[in-house]
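These notes concern the structure reproduced below.
Keep in mind that the numbers below use all heavy atoms, side chains included, and drop hydrogens, waters and symmetry copies.
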Amino acid sequence: MGDSLLGTDLFRLDDLLTDEQKLVRRSVRKLVDEEFLPVVQQHFRAGTFPTELAPKLGEMGLLGMNLQGYGCPGTDNVTYGIAMQELERGDSGLRSFCSVQGALAMYPIWAFGSEEQKERFLPGMAAGKVIGCFGLTEPDHGSDPAGMKTRARKDGDHYVLNGTKLWITNGTTADVAVVWAKTDDGGAESVRGYLVEKGMPGFEAREIHGKVSLRASLTAELSFHDVRVPAANVLPKVEGLRGPLMCLNQARYGIAWGATGAHLACFEAARDYSLSRIQFGKPIASFQMTQEKLVAIYTELVKAQLVNLRLGQLKDLDQQTYVQISFAKRNNVRVALEAARLAREILGANGITDDYPVIRHMVNLESVYTYEGTHDIHTLILGKELTGISAF
């Protein structure tokens, strides 16, 4: 869907969008085109993220944008999805920054936090002045969070936290980490959320180096060695895995839209290249095999757009289910990754250089395919829905 993206809105989804939603799309696209795309190559090569954009993202209302109050814009979920699509049209790392900030760090404080916690953290986070991260995955426990080893032991008016979290987006820049740990209160072990703040003794965030995917994104390992977290920093309104899983559903919704943005960028790049690349005296777009690839990319793009819009409408009615969200995350990331690979073929040797966006999106989508529930995990969620049998 797009004002200047001729031919990418086959089923006229724009007719169903409000003027405000179209304005948000234009505004985010302008930000991406003018302030992010000119620098993404250097950040991708260096393995860095333009953190200086955070206040601008906050100023535009892109951080926690579908949350109400506390400085958050309170937009509808379709508008939020459109924004995530446009951000990932730039790069998965940019959308991941906003997703983690809004859906994984701000959302649990907003949904499960005390009034004092909300007032203390959310306005600064919405403004991009306070950065958050989300600590659930561990070195030995990714798809099975119930097996987590991180522990919190009550000690007076504090909890003493020990453990390690891995693959944490924004981890090295975060001012506050929403960390999920098992707690033994009175003999009943359960999972609770803890707001661990930068500078707390024993808390360390180390950047993960050597990534060939999501390079324009900061990824960390968080370690906790006898970190004393005040009881006032414990999220009071949730207990068990329901809390982190609700956060993941928020993030997965944004990912479904975001992956379609990467898909869109790959389609545009492949189409434009095929029209300008001359071989055998004519543009390669005139060859049947190239057209077949473009049609394959385009068909799945249109279908993903339809899924996203309907899912957003259901979410705005508060009628969405986690199965629908799994469907959208699983499908849209898979087809975007396949689209990136086909687009790379169309670009030929030029497709492996970062002078074109396709290879960057392709390697990024390999990470998106895995995080926030692997492709296989979402397959099993759908399989259980279809058969009534859990294959976990």
Side-chain angles (χ1 to χ4, degrees), residues 64 70 100-101 103-125 129-208 218-248 250-251:
Y70 308 97
V100 168
Q101 180 82 345
L104 294 181
M106 295 174 68
Y107 173 77
I109 297 173
W110 181 84
F112 312 128
S114 66
E115 192 62 30
E116 188 275 335
Q117 290 168 348
K118 296 176 188 179
E119 293 284 0
R120 183 179 170 206
F121 290 105
L122 291 179
M125 296 177 82
K129 297 176 181 178
V130 175
I131 304 304
C133 68
F134 177 87
L136 179 64
T137 297
E138 298 186 353
D140 298 321
H141 297 281
S143 295
D144 179 21
M148 72 173 68
K149 297 178 181 177
T150 301
R151 293 293 189 274
R153 173 177 55 84
K154 197 170 193 320
D155 182 20
D157 59 355
H158 285 73
Y159 284 84
V160 181
L161 203 62
N162 283 280
T164 304
K165 299 295 183 179
L166 196 61
W167 307 115
I168 310 303
T169 299
N170 300 352
T172 53
T173 56
D175 300 292
V176 58
V178 180
V179 179
W180 302 92
K182 286 185 175 177
T183 306
D184 189 352
D185 278 342
E189 188 178 70
S190 67
V191 175
R192 303 289 298 275
Y194 300 82
L195 304 179
V196 182
E197 298 177 61
K198 180 185 286 187
M200 285 183 171
F203 172 39
E204 186 177 358
R206 293 180 293 272
E207 187 174 349
I208 296 173
L218 301 177
T219 312
E221 176 188 64
L222 308 183
S223 64
F224 312 93
H225 181 69
D226 291 336
V227 180
R228 294 183 64 80
V229 181
N233 279 34
V234 180
L235 297 175
K237 297 180 183 177
V238 72
E239 193 168 347
L241 284 175
R242 183 178 72 90
L245 292 178
M246 285 178 66
C247 298
L248 290 175
Q250 295 293 317

### Task
Decide side chain to side chain contact (heavy atoms under 4.5 Å, CB included) for Phe224 and Asn162; before the verdict, give the C-alpha distance in whole Å, the side-chain angles of both, and the deciding distance to 0.1 Å.
CA-CA 5 Å; Phe224 312 93; Asn162 283 280; 5.6 Å; no
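- The distance from atom OG1 of Thr137 to atom CH2 of Trp167, rounded to the nearest 0.5 Å, is 10.5 Å.
- With Lys182 contributing its side chain and Gly147 its backbone, the two residues share no donor-acceptor pair below 3.5 Å.
- Looking only at distances, no side-chain donor or acceptor of Gln117 sits under 3.5 Å from a matching main-chain atom of Leu122.
- Note: Asn170 CG to Asp175 CG = 10.5 Å, rounded to the nearest 0.5 Å.
- Evaluated for a side-chain contact (heavy atoms from CB on, under 4.5 Å) with Arg192, the options Val238, Val179, Thr183 yield exactly one hit, Thr183.
- Taking each heavy atom of Pro108 and Ala103 in turn, the nearest pair found is CD-O, 4.0 Å.
- Rounding to the nearest 0.5 Å gives a distance of 10.0 Å between CG of Leu245 and CZ of Arg242.
- The minimum heavy-atom distance between Val100 and Cys133, with the atom names listed, is CG1-CA, 3.9 Å.
- Note: Trp180 and Phe112 have perpendicular aromatic rings, judged against thresholds of 30 and 60 degrees for the angle between ring planes.
- More than 12 non-hydrogen atoms from other residues, nucleotides or ligands lie less than 6.0 angstrom from CH2 of Trp110.
- Considering all non-hydrogen atoms of both residues, Ala181 and Leu161 come closest at CB-CD1, 3.6 Å.
- Note that CZ of Arg153 and CZ of Arg228 are 8.0 Å apart. Values are rounded to the nearest 0.5 Å.
- Judged by distance alone, the side chain of Gln101 and the main-chain N or O of Met125 form a donor-acceptor pair under 3.5 Å.
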### Task
For the pair Leu195 and Val229, evaluate side chain to side chain contact (heavy atoms under 4.5 Å, CB included) and give the outcome as yes or no after the intermediate values.
CA-CA 8 Å; Leu195 304 179; Val229 181; 5.9 Å; no
### Message
Run the side chain to side chain contact (heavy atoms under 4.5 Å, CB included) test on Leu248 and Phe134 for me, step by step, so that the C-alpha distance in whole Å, both residues' side-chain angles and the decisive distance to 0.1 Å come before the verdict.
### Response
CA-CA 10 Å; Leu248 290 175; Phe134 177 87; 4.1 Å; yes
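- Leu104 places none of its side-chain heavy atoms less than 4.5 Å from the side chain of Val178.
- To the nearest 0.5 angstrom, Met200 atom CE is 4.5 Å from Asn233 atom CG.
- The two residues Gly171 and Ala220 have their closest heavy-atom pair at CA-CB, 3.8 Å.
- Among all heavy-atom pairs drawn from Ile109 and Leu235, the shortest one is CA-CD2, 4.2 Å.
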### Task
Applying side chain to side chain contact (heavy atoms under 4.5 Å, CB included), run through Met148 and Leu136 and close with a yes or a no.
CA-CA 8 Å; Met148 72 173 68; Leu136 179 64; 3.7 Å; yes
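- Atom CD of Glu221 and atom CG of Leu166 lie 5.5 Å apart (nearest 0.5 Å).
- The number of heavy-atom neighbours closer than 6.0 Å to NZ of Lys237, taken from other residues, nucleotides and ligands shown, is above 12.
- Not one N or O on the side chain of Glu207 forms a donor-acceptor pair closer than 3.5 Å with the backbone of Thr172.
- In Lys149, the NZ atom is not crowded: 12 or fewer heavy atoms of neighbouring residues, nucleotides or ligands sit closer than 6.0 Å.
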